[in-house]
Amino acid sequence: MAKLRHIAVTVPDMEEAATFYEKTFDMERVFESGIVIMLSDGTISLAILKFKTDEQAGDERGKDFHGLHHMGFVVDDIGESSETIEANGGEYHMRLPDTSEGVSEIKFRDPNGVVFDIVTKDYAERAWGAKV
């Protein structure tokens with residue numbers, strides 16, 4: 001089983017964008033780091049991203065791309081889900097380095113090139129404080 005858990009957008013000013021979504025849609029900040037402010041409506045999270053380098057951005061769009069960057073799904077089994085994605089026409093894109101607690105994010109592109117990632121419930125709760 002998979003659940004959509006976040007949508008990530010890249011912006012030129014994280015604070016300005018986060019404040020907009022907080023004031024406009026009553027979203028709550030649940031996590032912050034140097035490149036992300038994570039907001040939540042209680043069910044789905046919105047990741048406001050500002051990459052500092054092209055390497056952090058992770059693909060050809062680079063650090064200066066602004067717009068919908070990717071969406072993320074929480075899955076029960078990373079291996080099984082990866083196989084299902086590829087069997088249905090998705091292609092492996094990249095993998096973030098694993099943490100000391102285990103697997104982090106694995107990114108794919110759907111048949112139309114749209115980027116998405118898959119993570120486990122444990123990772124989502126650890127990394128973003130998301131209640132899954």
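When a residue number appears, it is its place in the shown sequence, counting from 1. Below, all heavy atoms of this structure are taken into account, side chains as well, without hydrogens, waters or symmetry copies. From a predicted model like this one, the values you see are computed outputs, not experimental measurements.
- With contacts defined as side-chain heavy-atom distances shorter than 4.5 Å, the pair Ile118/Ile85 qualifies.
- For residues 58-73, every residue pair satisfying the salt bridge (charged side-chain N to carboxylate O under 4.0 Å, His left out) rule, not counting sequence neighbours, is listed here: Asp59-Arg61, Asp59-Arg109, Glu60-Arg109.
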So Leu39 and Val30, side-chain contact (heavy atoms from CB on, under 4.5 Å) or not? Walk me through it. CA-CA 6 Å; Leu39 305 174; Val30 294; over 6 Å; no
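- Ile78 has its side chain within reach of Thr120: a pair of non-hydrogen atoms, C-beta onward, lies under 4.5 Å apart.
- The environment of CD in Glu28 is sparse: at most 12 heavy-atom neighbours from other residues, nucleotides or ligands sit within 6.0 Å.
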Carefully, step by step, assess Leu46 and Met38 under the rule side-chain contact (heavy atoms from CB on, under 4.5 Å). CA-CA 6 Å; Leu46 176 62; Met38 186 71 76; over 6 Å; no
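- Here the straight-line distance linking atom CD of Glu32 with atom CD1 of Ile48 works out to 11.0 Å at 0.5 Å rounding.
- Phe20 meets the side-chain contact (heavy atoms from CB on, under 4.5 Å) test with Thr24, Phe25; sequence neighbours excluded.
- Under the salt bridge (charged side-chain N to carboxylate O under 4.0 Å, His left out) criterion, Lys107 pairs with Glu105, Asp117, not counting sequence neighbours.
- Taking every heavy atom of both residues into account, Gly89 and Pro111 meet most closely at O-CG, 3.6 Å.
- With sequence neighbours left out, Glu15 forms a side-chain contact (heavy atoms from CB on, under 4.5 Å) with Asp13, Thr19, Arg29, Ile37.
- A search for side-chain contact (heavy atoms from CB on, under 4.5 Å) contacts involving Asp76 returns Met1, not counting sequence neighbours.
- Note on residues 39-54: no pairs pass salt bridge (charged side-chain N to carboxylate O under 4.0 Å, His left out), not counting sequence neighbours.
- At a threshold of 4.5 Å between side-chain heavy atoms, the hydrophobic network of Ile, Leu, Val, Met, Phe, Trp and Tyr places Ile106 and Val115 in two separate groups.
- Note that the CZ atom of Phe116 and the CE atom of Met71 stand 7.5 Å from one another [nearest 0.5 Å].
- Atom CG of Leu68 is separated from atom CD1 of Ile7 by 7.0 Å, given to the nearest 0.5 angstrom.
- Separation of atoms OG (Ser45) and CZ (Arg5) is listed at 8.5 Å; rounding is to 0.5 Å.
- Looking at every heavy atom in both residues, Val36 comes nearest to Met14 through N-SD, 3.6 Å.
- When the side-chain contact (heavy atoms from CB on, under 4.5 Å) test is applied to Asp77, the partners found at least two apart in sequence or on another chain are Glu80.
- Evaluation of the ring pair (Phe, Tyr, Trp, His ring centres under 6.0 Å) test over residues 58-81, restricted to residues two or more places apart or in two chains, returns His6-His70, Phe51-His69.
- Applying the salt bridge (charged side-chain N to carboxylate O under 4.0 Å, His left out) criterion to Asp110, with sequence neighbours excluded, gives no partner residue.
- The list of side-chain hydrogen bond (donor to acceptor under 3.5 Å, both in side chains) pairs with a residue in residues 81-91, not counting sequence neighbours, is empty.
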